[in-house]
Amino acid sequence: MIVDNRLTGLLKIRYPIIQGGMAWIATGELAAAVSEAGGLGVIGAGNAPADVIRKEIQKVKERTDKPFAVNIMLLSPFVDEIAELVIEEKVPVVTTGAGNPGKYIEAFKENGIKVIPVVPTVALAKRMERIGVDAVIAEGTEAGGHIGEITTMALVPQIVDAVEIPVIAAGGIADGRGLIAAFALGAEGVQMGTRFVASTECTAHKAYKNAIIKAGDRDAVVTGRSTGHPVRNLRNNLTRILDKMEKDGNSSEEIEKIAAGGLRKAAVDGDVDEGSVMAGQIAALINDIKPVREIIEDMVNEAKVILKKFQEELEI
Ligand code: TUI
C-alpha cells in the first residue's frame, strides 16, 4: 500500500505522515524508525548545538537510507550553525518551528533541501509560499509545546484555500480518524508529535510516555499566554507554579528562568512533576505504547475502513 499524492511525491515517502521535531525527544532513533516505517522521521534540533545534532544525523544514516528531516527551532541560539550543518550533511528535508525561516530559505533551496515551515496563521503561510518553501505545516493550537491560537479545524482549510503548495495538518491528530479529517479539510499529509512520543522506539523517559498514557482530556494546559509565549504542557507542579507566577504579574524573564531546562528534566531525567511535559490535547486519546510501524500501519488501515464505511453509506 502507498499513498500517492503531491506530498509523498515531493518527499519520496510511502505514507503522508510526518513526525514532529520535538526537542530532547525526537532523536535519531525515533526519526529512523518513522522513516523506515514509510513516514518522514524528523530529528528535533531544539536548543542543541551542531555537534550534538550531527551525531543524531549519523544515527539516522546508519539505520535507514530513506529520507528524513531535521527540525530547526528558530529561537535556538545555535540556529545558524544548525542551518550550516544540514547543508553540510545533505539532509534532504528541513522543517522549522517557532519563527520565520526566511533568511535561510535561499541557502537551503540552492542546496536542494526541501523546506517545510510550521505556520500558525494564514498570513505566514502566504509569506512562506511567496519565498519558495515546498509545503507548509498548518499547526493548530491543539498541538503540544510552543503554539499558535487557531484550532486545526479552522486553520487547515483556510491555509489550503490561501496557498497552492501542499498543506500538512498538525495538532490534535493521533489516529486514522484524524488522518481522514485532515484530508477532508484539504491537507495532503499530517504531522504527529504526541502519538510518536508514546512509541517503543522513542528514547524519552518512560515516565514521560506514561504521563501521556494517563492524561485526560483537560490535562494538556497552556501557560505563558499573558507573556506572549504560549506553551502546552501536561498539568503538573511546574504548570501550577508558572500559572501562579503569571497571575502574580512576574516578568517573562522571571518566568522563563523557572521554565528553562524543564523539557530536559521531564524527557531525559523523567521528572514529570517539576519538568515540562510538552504534549498535545490528543494525549488523552493515546492509551498504549507501541512500535512506530504499528502506529503508522494501524492509522492507515483505520483510515481505509472509515473511507469504505462512508462510501457504503453515501447515497449517490
Ligand atoms: O515550534 C513548535 N513547537 C515547539 S518549539 C519548542 S522549544 C520552546 N520552548 C519554550 C518556548 C519556546 C520554544 C517547543 N515546542 N511548533 C511549531 C510552531 N511554530 N508553533 C508555532 C510556531 C510559530 C510561531 C510564530 C511559527 C512561526 C511564527 O512566526 C512568527 C513570526 O516571526 O512571524
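Since the structure is predicted, the reported quantities are computational estimates derived from the model, not experimental observations. First listed ligand is number 1; within each ligand, the first listed atom is number 1.
- Separation of atoms OG1 (T200) and CD (E29) is listed at 13.0 Å; rounding is to 0.5 Å.
- Ion pairing of K109 with D134 is present here, as a side-chain N (NZ or NE/NH1/NH2) and a carboxylate O approach within less than 4.0 Å.
- Below 4.0 Å from some heavy atom of E139 lie the following atoms of ligand 1, by number and element: 16 (N), 17 (C), 18 (C), 20 (N).
- Using a distance-only test at 3.5 Å, with no hydrogens or angles considered, no donor-acceptor pair links the side chain of E188 to the main chain of N5.
- Closest protein heavy atom to atom 9 (N) of ligand 1: M278 CE, 3.8 Å.
- The shortest distance between side-chain heavy atoms of K126 and V122 falls below 4.5 Å.
- Nearest to atom 32 (O) of ligand 1 by heavy atom, out of N233, N100, N71, is N100.
- Taking every non-hydrogen atom of L75 and a distance limit under 4.0 Å, the qualifying atoms of ligand 1 come out as 12 (C), 13 (C).
- With salt bridges taken as basic N to acidic carboxylate O contacts below 4.0 Å, none links R14 and D4.
- Ranking protein heavy atoms by distance to atom 11 (C) of ligand 1, first place goes to V231 CG2, 4.0 Å.
- Scanning the protein for heavy atoms near atom 24 (C) of ligand 1, the closest one is P120 CG, 3.7 Å.
- For a threshold of 3.5 Å applied to N or O pairs, the pair formed by A98 and ligand 1 contains at least one separation below that value.
- With a heavy-atom cut-off of 4.0 Å, M73 touches ligand 1 through its side chain alone.
- For ligand 1, the atoms sitting less than 4.0 Å from at least one non-hydrogen atom of G97 are 1 (O), 17 (C), 19 (N), numbered in the order shown with element in parentheses.
- Donor-acceptor pairing under 3.5 Å is recorded for the side chains of T27 and T203.
- Contacts between V119 and ligand 1 below 4.0 angstrom, taking non-hydrogen atoms only, are absent altogether.
- For atom 17 (C) of ligand 1, the nearest non-hydrogen atom of the protein is V118 CG1, 3.2 Å.
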Side-chain donor-acceptor pairs of residues 272-285 under 3.5 Å, sequence neighbours excluded:
from: E274; atom 1: OE2; to: N237; atom 2: ND2; distance (Å): 2.8
from: S276; atom 1: OG; to: N233; atom 2: OD1; distance (Å): 2.7

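- Although no hydrogens or angles enter the test, the distance criterion places no donor-acceptor pair under 3.5 Å between the side chain of Q19 and the main chain of G39.
- Under 4.0 Å from ligand 1, the heavy atoms of L124 that appear belong solely to its side chain.
- Taking the charged nitrogens against the carboxylate oxygens, E253 and K257 have no contact shorter than 4.0 Å, which rules out a salt bridge.
- Remark: distances from the non-hydrogen atoms of A23 to ligand 1 are all 4.0 Å or more.
- In this structure, the protein non-hydrogen atom closest to atom 30 (C) of ligand 1 is G99 CA, 4.3 Å.
- Under a 4.0 angstrom heavy-atom cut-off, H229 registers as lying outside contact with ligand 1.
- If you chain together ILVMFWY residues whose side-chain heavy atoms come under 4.5 Å of each other, M73 ends up grouped with L75.
- Given atom 20 (N) of ligand 1, the protein heavy atom at minimum distance is H146 O, 3.1 Å.
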